[in-house]
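Accompanying notes for the structure given below.
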Amino acid sequence: MNRNERAAELEKRRIFGIISHPDAGKTTLTEKLLLHGGAIHQAGTVKARKNAKFATSDWMEIEKQRGISVTSSVMQFDYAGKVISIMDTPGHNDFGEDTYRILTSVDSAVMVIDAAKGIETQTKKLFAVCRMRGIPIFTFMNKLDREAKDPLELLSELEDVLGMPATVVTWPIGSGLNFQGIYSLAENRVYLFREKKTVDLGDEGVFGPELEDLITQNNLRALREGIELLEGAGYPMDEEAVSSGELTPVFFGSALADFGVTQFLDRFLELSPCPGPRKTADGSEIDPLSDEFSGFVFKIQANMNPAHRDRLAFIRICSGEFEKGMTVELARTGKPIKLAQSTQLMASERTNVDSAMAGDVIGIYDTGNFQIGDTLYTGKERFEFELLPTFPPELFALVLPKDTMKAKQFQKGVQQLAQEGAIQVYHNEYNETVIGAVGQLQIEVFQYRLENEYNAPVRLSPMDMSVARWVKCEGSKDDIDRIKSVIDGRCALVFDRFERPLILFANQFTLTYFKERHGDVELLEATEV
Ligand code: G4P
């Protein structure tokens, strides 16, 4: 393809992730989006996958047992001339670093909120990652077919809890048994829920006569009041603010009833960005239309087949074109690597791909060459993409091999799992292994895999710590001695893989207490390291 053809292709690409609190409706919405894209033909497919019906490998037993999905993947589908990739962010109890990291590879995010519950904890955490990256965030208020909070209250929650002003694209008419449809502001049109028809409104909009016999008096009154308030005090659509992630377009609907979903999808595709340039570690940018290939590994899915210990490295292509069998440089080692077996994940199947381009996500079978965050490129200039951020673990455990004869397998397993980004690995001053995770399942999977894949059963002792802070220092012996002298029973000292010291605290309270007493010890959050 020449540059113009590539530019046209790039413009069609969209890569986004869906963030939500468990049960808000992420799976259901994903499924409806895929159905509209013709990527699946039967409702229930994604759900079934979520229930691990299609899980093939042994360690996915965990998924089956718990009825959740540990592995996340990418689903690509075509809709309205666009090539859309949804990055599946694990959402349930399987919440882990992966969930955060995937958000570093998307260009926009869709936040699904259960309209009866409003903003919940997990949404807040994921939102923070998106906000940090300044990517556009679109909000889908779901489950309007059930009793929901007042829509204005939901908007204020976005602003008060998340600090995110919202601009309304569609507005609900009632909820629960009284749910009658949505009003699309820009189109000046009402979509009726039960009647499944649309009503174009006149110059007076919702204040005109068109709706009078179609919706209940209560709903009409509430709708008019709502729109009046929005006209007076709401935020108008500002595409620039949306694209810089400072204003979220809000949609209402029901994923389950597939209502309000196409209105959402159509507008989302207009407003969301296609893949842009990506920053490198030295602060320059890689143009997605460059002739040279580049990409980075944002996820490694291990053990697709435990007999071969094979892994699938997910690569987001940032520039140029991928051709099956091509040789690229691995920036971390400077070594050439042939990208032989590649795959692309469709909604319900894997298909082999021979070529792909910037804005596509491919999976490469890997025998242990790749690490999370690795940069791959062609061309003479060696460079690395900006490091993927580290996310602060909240759960910590001391890990020892049950069988000391298996120390070698244990070390190997720990090292590989850390490389995959499955877990954070630290050690304490006695050189014992300490792991850190953001979700409990991450720890369970770690334990399960060490035992089943590496034949190294482990004993885990959870540590009563939930907050980690790095200590700013040169790392000299004097520095470390000084840090050791301030460690007491309420905190613990560990070192990360770069031998940087960090202190673990039981909770925010003990951290504050520590800071009051040791103002001279400079503590850094994960994002500042
Ligand atoms: P998640 O991926 O965010 O965890 O949520 P998921 O889509 O699995 O939805 C959680 C539950 O909420 C499911 O019910 C789903 O059917 C329901 N749900 C999703 N969207 C809507 C909606 O718009 N309206 C209503 N009324 N319900 C919705 P479940 O009982 O857990 O599963 P199932 O038995 O229905 O499959």
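Counting starts at 1 for both ligands and their atoms, in listed order.
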Whether His36 and Tyr79 hold their rings parallel, tilted or perpendicular, with breakpoints at 30° and 60°
perpendicular

Inter-residue atom distance Phe296.CZ - Ser105.OG, 0.5 Å rounding:
5.5 Å

Within 4.0 Å of some non-hydrogen atom of Arg146, the atoms of ligand 1 are 26 (N), 27 (N)

Closer than 4.0 angstrom, basic N to acidic O: yes or no for Asp23 and Lys143?
no

Going by the order shown, which atoms of ligand 1 are within less than 4.0 Å of some heavy atom of Asp23?
1 (P), 3 (O), 4 (O), 5 (O), 10 (C), 12 (O)

Does any N or O of ligand 1 fall below 3.5 Å from an N or O anywhere on Ala255, backbone included?
yes

Only heavy atoms count here, so choose which of Leu256, Thr30, Ile18, Ile19 is nearest to atom 22 (C) of ligand 1.
Leu256

Using a distance-only test with no angle check, is there a side-chain donor-acceptor pair under 3.5 angstrom linking Ser272 and Arg14?
yes

Plane angle bin for Phe138 and Phe251 - parallel if under 30°, tilted between 30 and 60°, otherwise perpendicular:
tilted

Is Arg224 salt-bridged to Glu212, going by a charged N under 4.0 Å from an acidic O?
yes

Please determine if Glu225 and Arg221 form a salt bridge, counting it only when a charged side-chain N lies under 4.0 Å from a carboxylate O.
no

Based purely on interatomic distance, does Gly253 place a nitrogen or oxygen under 3.5 Å from a nitrogen or oxygen of ligand 1?
no

Min over Leu144, Asp145, Asp258 of heavy-atom distance to atom 26 (N) of ligand 1 lands on Asp145

Only heavy atoms count here, so choose which of Glu31, His21, Lys143, Gln122 is nearest to atom 17 (C) of ligand 1.
Lys143

Under a plain distance cut-off of 3.5 Å, with no hydrogens placed, do Ser85 and Gln76 share a side-chain donor-acceptor pair?
yes

Parallel, tilted or perpendicular: which fits the ring planes of Phe259 and Phe193, with parallel below 30° and perpendicular above 60°?
perpendicular

Using a 4.0 Å cutoff against the non-hydrogen atoms of Ser254, which atoms of ligand 1 qualify?
22 (C), 23 (O), 24 (N)

Logged contact type for Pro22 with ligand 1, heavy-atom cut-off 4.0 Å, is backbone

For Ser20, the atoms of ligand 1 under 4.0 Å from one of its heavy atoms are 3 (O)

Ligand 1 versus Asn142, non-hydrogen atoms closer than 4.0 Å: side chain, backbone, both, neither?
side chain

Once you restrict to heavy atoms under 4.0 Å, what part of Lys26 touches ligand 1? Side chain, backbone, both or neither.
both

Just go through Thr28, Val261, Thr27 and tell me whose heavy atom is the nearest to atom 19 (C) of ligand 1.
Thr28

